[in-house]
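The model shown is predicted, which means the values in this text are computed figures rather than measured ones. Labels below follow one simple rule: chain letters A, B, ... track the order of the sequence lines, proteins then strands, and each chain is numbered from 1.
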There are 2 protein chains.
Amino acid sequence: MHSTSDQYFLSREKLSNNLQQIIDTERYYTQFLLDEIILPVAEDIWSNFTLDPLKLLPFWRNYPPEQRGRGPIGTSVPWLELGEKTISSNIIKALGSKRDNITFPGLPTGGDIRFADKQVYIHLDVKLTGPNDNANEVVVPPNQVSGDGINWNDGVLNSTWPVRRVKSGEINYHFQPKLPPIYILDDNTLICLTYFFDAIYDVTGFGNHPIKYFELVCVPNGLLMFDGPKLANTPNLIIAGKDDKTTPDDAKRIRIRLEPLSKINNWRATKIKKTENGWIALHRNDNPELFSS
Amino acid sequence: MHSTSDQYFLSREKLSNNLQQIIDTERYYTQFLLDEIILPVAEDIWSNFTLDPLKLLPFWRNYPPEQRGRGPIGTSVPWLELGEKTISSNIIKALGSKRDNITFPGLPTGGDIRFADKQVYIHLDVKLTGPNDNANEVVVPPNQVSGDGINWNDGVLNSTWPVRRVKSGEINYHFQPKLPPIYILDDNTLICLTYFFDAIYDVTGFGNHPIKYFELVCVPNGLLMFDGPKLANTPNLIIAGKDDKTTPDDAKRIRIRLEPLSKINNWRATKIKKTENGWIALHRNDNPELFSS
DNA sequence: ATCGCCTAATAGGCGAT
DNA sequence: ATCGCCTAATAGGCGAT
């Protein structure tokens, strides 16, 4: 008879001593997501995202969502909800049809798309990036990244991580990852994997938001990021997020920069792009000039 | 050569003269959703919603979402996101596997789950109702209900509808439906159907939020509700929503009461409940005493 | 390039009457 | 039973420097 905390620390210890297993798992599921899920549905997503809202324009143009934020210039319509729905619906549909062992165990917070098999619990968050924003980073809240899970108090506790100002090197605030590095469910140890699916789009007119490309990002598990090799120390990988000063530190986001990330492992940032010959996936550092824009 | 507006008004006119076709379509898709989608996945949703978060409790209990609103009493954890994810993932997966002609045309606003075939565009919004809230109504924002689509100004325009105070009969505010009664996509006329999938749950401890039952609600299309028969006039069907006075009228929600609704057609409100013999679906007025609580 | 200012839309728990 | 008070979490557009 052993408690959940015993089981947890046993599993955590085993993985800590075999970090390559985590990396291999992250790489395997990245490939799975690319080959079996994203590339097969990319054309549908593209069409649902780029073409359909234009065809349907007269049926929503008088009641569009309002622009928000500090200095709206009025040209773009908030495309977040459209992007989230078209992308996650197509991905979930594909997940269901490609694998019969995918389940959706409930958690009160996490990424937009959450699913598990017997090896992993995956959080995949959908991000949208318009022409005025930076496509070389993802802005990540505490609930979408796993921590070191170093302590236990009726449950997993993560260390915080100091986010420094690039210029001065001063600590700006302490980031609090809120996902555990692993889950234990029905006696299976599930590695927590965190992905981001970014849709980079242009705005060429009212309701006309063509996709430029997608990017799949795999952020290292907490045991790699904030423990052991402490990849979070990679220069320029993590910088301050978009929150203002009134946001409590433990709710503040971080920016994860994709160039440093893709240098840790080139498969951690993969662009998915439409070509004359169909959709292709290219790791950032395999062919940088193709995406020089 | 005809414009979209010509096509729109032609289709609208045809349906206005054959309202039974709308009702039949609503009824058909209600049955489809119940028999082919919801009943087959009800057990999975129940398990993802009720059991898994308890099994996973140590992996989120130190970082739960905060309670919100006016007078939080602290017992319940916000269960909305968990409910939305577990329910919509399972439903989308089932939709993909049961029908091969389902697509997800992008719209910038609408229900949580949006999909289309060649006959209908369906908005299905997931609602959560805890023990301190009223399970006999759904609170519906303008983006989740269709209007009469009576006018055109580069696109469909809907009339507003006066919401009266029950006691005084005075007009409280004017509700602005924002979905069109029909869409035209690739020359197909798609009737806009609006559904609500309500999960009614109990709170029996921290993280313990067992499902009591689900309810599928079909709100009549705008041509039935706000035009022609003007079902919105049904006594006590529509009352004020939950917004405060600072909310602009055209963003205010309404409450749609389920007893009056189910008297319009008994299949418009259907409870889905777990029994010893599996999951059953029962229209509200078929067997009221079974759900006397 | 860094970093944070700033707000629309969402939702339902729960109180007041 | 009616109805509205009230706030956490989400997200990215865009400005300031």
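C:dA9 atom P lies 15 Å from atom CG of A:Leu82, rounded to whole Å. In this structure, B:Gln176 atom CD and C:dA9 atom C1' are separated by 16 Å, rounded to whole Å. For A:Arg255 and C:dG4, the CZ to P distance is 8 Å, given to the nearest whole Å. Remark: P of C:dA11 and NZ of B:Lys242 are 12 Å apart, rounded to the nearest angstrom. Following rounding to the nearest Å, A:Ile238 (CD1) and C:dC3 (C1') show an atom-to-atom distance of 15 Å. In this structure, the NZ atom of A:Lys85 is 12 Å from the C1' atom of D:dT10, given to the nearest Å. Look at CH2 on B:Trp60: it is 13 Å from P on D:dA9, rounded to the nearest Å. Distance, B:Asp133 CG to C:dA11 C1': 10 Å, rounded to whole Å.
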Any chance you could encode DNA chain D as dot-bracket? Rule is Watson-Crick or G-U wobble with both distances under 3.5 Å; [ ] for pairs crossing earlier ones, | for another strand. ||||||||.||||||||

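Here the side chain of A:Asp112 pairs a donor or acceptor atom with the backbone of A:Val126 at under 3.5 angstrom. B:Tyr201 contributes no side-chain N or O that, together with a main-chain N or O of B:Phe49, makes up a donor-acceptor pair within less than 3.5 Å. Under the 3.5 Å distance criterion, the side-chain polar atoms of B:Trp60 are matched with a main-chain donor or acceptor of B:Pro53.
In the region residues 104-112 of chain B, proximity to DNA chain C at under 4.0 angstrom, judged on heavy atoms, holds for B:Asp112.
Once rounded to the nearest 0.5 Å, the distance linking CG of B:Asp198 with NZ of B:Lys271 reads 10.0 Å.
Taking side-chain N and O atoms only, B:Tyr201 has a distance below 4.0 Å to OP1 or OP2 of C:dG13. Phosphate proximity of C:dA1 to A:Arg257: absent, as no side-chain N or O sits under 4.0 Å from OP1 or OP2. Proximity of A:Asn143 to the phosphate of D:dT10: a side-chain N or O atom is located under 4.0 Å from OP1 or OP2. For B:Arg165 and D:dG4, the shortest distance from a side-chain N or O to OP1 or OP2 is below 4.0 Å. Regarding contacts with the backbone of C:dC5, a side-chain N or O of A:Lys245 is found under 4.0 angstrom from either OP1 or OP2. For the pair B:Asn136 and D:dA1, the criterion of a side-chain N or O lying under 4.0 Å from OP1 or OP2 is not met. For A:Asn172, a side-chain nitrogen or oxygen approaches OP1 or OP2 of C:dG4 to under 4.0 Å. Dashed line: the shortest gap from a side-chain N or O of A:Gln144 to OP1 or OP2 of D:dA11 is under 4.0 Å.
Mapping A:Ile239 and B:Ala251 onto DNA chain C by nearest heavy atom places A:Ile239 at the nucleotide closer to the 5' end.
Judged as a salt bridge (Lys or Arg N to Asp or Glu O under 4.0 Å), the pairs with a partner in residues 246-256 of chain A (not counting sequence neighbours) are, in order, A:Glu137-A:Arg255, A:Asp243-A:Arg253, A:Asp249-A:Lys252.
Residues satisfying the salt bridge (Lys or Arg N to Asp or Glu O under 4.0 Å) test with A:Asp125, not counting sequence neighbours, are A:Lys127. Applying the salt bridge (Lys or Arg N to Asp or Glu O under 4.0 Å) rule to B:Lys85 yields no partners; only residues at least two apart in sequence or on another chain are considered. With sequence neighbours excluded, the residues that form a salt bridge (Lys or Arg N to Asp or Glu O under 4.0 Å) with B:Asp133 are B:Lys242. Residues satisfying the side chain to side chain contact (heavy atoms under 4.5 Å, CB included) criterion with A:Asn172, sequence neighbours excluded, are A:Arg165, A:Ala240. Scanning for salt bridge (Lys or Arg N to Asp or Glu O under 4.0 Å) contacts around B:Lys263 gives B:Glu259, with sequence neighbours left out. By the side chain to side chain contact (heavy atoms under 4.5 Å, CB included) test, B:Pro210 pairs with B:Thr50, B:Asp202, B:Thr204, B:Asn208, sequence neighbours left out.
Each of C:dT2, D:dC3, D:dG13 was ranked by its minimum atom distance to the side chain of A:Asn132; first place goes to D:dG13. Comparing D:dA11, D:dC3, C:dA11 by their nearest atom to the side chain of B:Leu80 picks out C:dA11. With D:dA11, C:dT2, C:dG4 as the choices, the nucleotide that has an atom nearest any side-chain atom of A:Asp244 turns out to be C:dG4. Taking every side-chain heavy atom of A:Ala240 into account, C:dG4 is the closest of D:dA9, C:dG4, D:dG4.
Checked by distance alone, A:Lys127 brings no side-chain donor or acceptor within 3.5 Å of a matching partner on the base of D:dG12. Checked by distance alone, A:Arg253 brings a side-chain donor or acceptor within 3.5 Å of a matching partner on the base of D:dG12.
In this structure, A:Glu259 reaches neither bases nor backbone, as no heavy-atom distance under 4.0 Å exists between it and the strands shown. Using a 4.0 Å heavy-atom cutoff across all strands shown, A:Asp125 reaches sugar-phosphate atoms only and no base atom. Within the nucleic acid shown, A:Thr247 has no heavy atom closer than 4.0 Å to any nucleic acid atom.
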